[in-house]
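Below is one structure; the comments refer to it alone.
Start at 1 and go down the list; that is how both ligands and their atoms are numbered. Residue numbers count from 1 along this sequence.
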Amino acid sequence: VTKAVVLGASRGIGAALVSRLLERGQFDGVYAGCRNPAQSAALEDLGSQYPQQLICIAVDTSNESTIAAAAQRVDGEIGLMIYAAGVLHDDVVKPEKRLEQLDPSALQRSFAVNAIGPMLAAKHFVAKLTRQDRVVIANISARVGSIADNRLGGWYGYRTSKAAQNMFTKTLALELSRRLENAICVALHPGTVDTALSRPFQRRVPQHKLFTPSLAAQQLLSVIDGLQPSDSGGFFAWDGSRIPW
Ligand SMILES: NC(=O)c1ccc[n+]([C@@H]2O[C@H](COP(=O)([O-])OP(=O)(O)OC[C@H]3O[C@@H](n4cnc5c(N)ncnc54)[C@H](OP(=O)(O)O)[C@@H]3O)[C@@H](O)[C@H]2O)c1
């Protein structure tokens with residue numbers, strides 16, 4: 001039996017994924033990483049329900065040494081690794097509507113969390129991925145990171161950092177096809193999900209297209225369940241449909 005790892009697990013989609021995985025009980029333990037696990041109400045709650053199975057780890061995915069230390073803490077082999085950390089807006093990052101709003105420190109922050117974070121996570125956790133069983137590496141991306149699908153423009157930092165993340169996912173899938181034949185590595189779009197990340201942008205989203213984190217987690221896990229080896233290196237939406245790069 002293998003372990004699951006979810007990075008970006010304190011709230012939103014990541015926390016819902018951890019909750020579903022614990023409920024399913026298919027993994028021997030779930031490692032949940034975020035910057036301050038002690039401050040996450042969701043993880044605290046899950047910790048009291050699953051004291052043996054949930055292991056919280058402090059990871060700032062924009063800080064490589066914390067990722068390396070987190071990977072060291074994993075005891076056993078990983079069968080599922082989900083990178084769900086992401087930033088669209090915070091105290092530094094504001095989604096740009098026009099060119100003049102581009103700000104190097106905001107761009108750096110978006111790239112650090114959305115693009116470089118998944119790369120460093122893969123770098124440090126790869127040695128722990130199981131060789132015995134199927135192993136899935138799922139990077140939570142966003143449809144707006146698709147170059148082919150970009151019709152509206154705007155959101156430079158978010159779009160370009162997700163496009164960079166997507167290229168990384170594809171490149172990693174190619175390397176893993178040579179190193180770890182049992183690995184499936186994909187980019188996943190969760191749909192629009194009612195979390196702090198999307199809250200300022202939900203006004204035009206019809207109610208039936210706004211998923212609860214719990215439903216989003218369920219949908220993403222059923223896409224993950226259905227992945228075949230030939231799907232590695234692909235970009236999939238919450239309903240399993242392929243998204244063009
Ligand atoms: N919500 C949507 O509609 C939507 C749509 C498309 C794609 N997505 C993608 O889905 C993923 C999850 O988004 P969400 O909606 O669940 O967002 P959220 O509720 O804002 O949660 C973001 C998560 O990322 C973590 N995080 C941010 N910076 C981090 C860092 N430096 N180190 C470690 N963890 C960090 C946060 O943890 P702490 O801040 O506690 O450390 C939190 O757990 C993101 O990649 C997002 O781009 C979301």
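Counted by atom type alone, D239 and S241 present one or more donor-acceptor pairs between their side chains at under 3.5 Å. No hydrogens or angles considered: a donor-acceptor pair under 3.5 Å links the side chains of N63 and S65. Under the 3.5 Å distance criterion, with hydrogens and angles disregarded, no donor-acceptor pair is assigned to the side chains of T66 and D60.
Look at E64 and K123 and you find a salt bridge, because one of the NZ, NE, NH1 or NH2 atoms lies within 4.0 Å of a carboxylate O, short of that distance.
On a distance-only criterion, G8 and ligand 1 share at least one N/O pair closer than 3.5 Å. Between D60 and ligand 1, at least one pair of N/O atoms sits closer than 3.5 Å.
Contact between G117 and ligand 1 is absent, with no heavy atom of the residue lying under 4.0 Å from the ligand. In this structure, Y158 counts as a contact residue of ligand 1, since one of its heavy atoms falls inside 4.0 Å of the ligand. Distances shorter than 4.0 angstrom occur between a heavy atom of K162 and an atom of ligand 1.
Between L172 and I137, the closest heavy-atom pair is CD2-CG2, 4.4 Å.
With a 4.0 Å cut-off on non-hydrogen atoms, P190 touches ligand 1 through its side chain and not its backbone. Contacts with ligand 1 closer than 4.0 Å are made by side-chain heavy atoms of V113 only, the backbone lying farther away.
In terms of protein heavy-atom proximity, atom 17 (O) of ligand 1 is nearest to L197 CB, 3.4 Å. Nearest to atom 42 (C) of ligand 1 among the protein's heavy atoms is S10 OG, 3.4 Å. Nearest to atom 16 (O) of ligand 1 among the protein's heavy atoms is I13 N, 2.8 Å.
Of all the listed residues (G86, A84, S62), A84 holds the heavy atom that lies closest to atom 12 (C) of ligand 1. Taking all heavy atoms of R35, Q202, R143 into account, the minimum distance to atom 39 (O) of ligand 1 is reached by R35.
Heavy-atom proximity to A85, at under 4.0 Å, picks out these atoms of ligand 1: 24 (O), 25 (C), 26 (N), 34 (N), 35 (C), 45 (O). Residue contact check: T192 has heavy atoms under 4.0 Å from atoms 3 (O) of ligand 1. Below 4.0 Å from some heavy atom of T61 lie the following atoms of ligand 1, by number and element: 30 (C), 31 (N), 32 (N), 33 (C).
The aromatic rings of W155 and F201 stand perpendicular to each other, their planes meeting at an angle above 60°, with 30° marking the opposite boundary.
Side-chain atoms of N114 come within 3.5 Å of backbone atoms of V87 as a donor-acceptor pair (strictly under, hydrogens ignored).
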